[in-house]
S.K.: 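Input: one structure, supplied below.
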Amino acid sequence: FLYALCTINNPGELLNFMLDMVQRGCPPDVLTLNTVIHGLCKASRVDEAKKILDDMKIGNVCTPDVITFSTVIRGLSDLGWLDEAFDILHEMQQRGYSPNVLTYNAIIHGLCKAQKIDKAFEVIDEMECNGLRPDSVTYTAIIDGLCETAQLQKALSFWHGIVKPSRNHDDFIYTSLLRGMCKAGEFVEARNILDGVLKDGFAPGIVTYNVLIDGACELGLKMEAYDILNQMRENNLTPD
RNA sequence: CAUAUGGUC
């Protein structure tokens, strides 16, 4: 049943199905509602998602949990409605819910996409005050935001200063960084970073190589592109 | 391994 809800990425059907349940005297549980809310958010129908959340808060149905709030925050962030996202964040805190890393990451991601990097750093401070450590998802959002706002130097120092020492880096982070460097025309430097990552024993995935090949092509570095392709094969990756 | 967050296309 839940699988069905996930697969139907059709908000209308989703809502109908849920109403159907209610009418048959099957009150949806929090998991069900979270799934529905997620579906609504994905379809950018955050208003309706918020309505369900309101119902839950009033106590008409079951009680929302951290995931419920996080999901709505994500939906709002993705639409760039950051003020509203913060409203929900504060509200959940007032109600005694503790946002977790995923909650914060959702809002940080939204801030970075909106190029409000300073604000994003403030949120990181807040989460650290609450005893939460930023994880690799947090870092990816930040690096991505810095690159998109042409603050490559900051991205690099963030990488060297914070991310690498935290030993919390993965494919996503350095791929984001490498993409920013390619876009800035720093292909050679990007390769240096990649080599460093390889030396540290990390195995970049296909997307990492795709980004570099794309970067090389954009910069007219045909030989470099082939070179990367060969390196990919050496690492037992099949180009997609 | 029942629901929420990040990278290329």
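Quantities reported herein were computed from a predicted structural model and do not represent experimental measurements. Proteins come first, then strands; the chains are lettered A, B, ... in the order of their sequence lines, and each starts at number 1.
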S.K.: When you compare the side chain of A:Ile73 with that of A:Glu84, does any pair of heavy atoms fall below 4.5 Å?
M.R.: no
S.K.: Record whether the side chain of A:Asp135 comes under 3.5 Å of the base of B:G6 through a donor-acceptor pair of N or O atoms.
M.R.: no
S.K.: Distance check, P atoms only: B:C1 and B:U5, in whole angstrom units.
M.R.: 13 Å
S.K.: Quick one: which of B:G7, B:U8, B:U5 gets closest to the side chain of A:Phe172?
M.R.: B:G7
S.K.: If you take atom types as modelled and just measure distance, does the side chain of A:Thr138 reach the base of B:G6 with a donor-acceptor pair under 3.5 Å?
M.R.: no
S.K.: Heavy atoms only, 4.0 Å cut-off, all strands: where does A:Ile173 land among base, sugar-phosphate and nothing?
M.R.: base
S.K.: Under 4.0 Å between any heavy atoms, over every strand shown, what does A:Asp240 touch: base, sugar-phosphate, or nothing? Just pick one.
M.R.: nothing
S.K.: So, does the side chain of A:Thr140 form a donor-acceptor pair with the base of B:G6 at under 3.5 Å?
M.R.: yes
S.K.: Enumerate, atom names and distances included, each donor-acceptor pair closer than 3.5 Å involving a side-chain atom of residues 197-222 of chain A, sequence neighbours excluded.
M.R.:
from, atom 1, to, atom 2, distance (Å)
A:Thr208, OG1, A:Thr175, OG1, 2.8
A:Tyr209, OH, A:Asn235, ND2, 3.0
A:Asn210, ND2, A:Asp240, OD1, 3.3

S.K.: Please tell me which of the listed nucleotides, B:U3, B:G7, B:G6, lies nearest to the side chain of A:Ser136?
M.R.: B:G6
S.K.: Answer yes or no on whether A:Lys119 is positioned over the face of A:Phe86, meaning its NZ or CZ is under 6.0 Å from the six-membered ring centre and within 45° of the axis.
M.R.: yes
S.K.: Any base atoms under 4.0 Å from A:Thr32, or only sugar-phosphate, or nothing? Heavy atoms, all strands.
M.R.: nothing
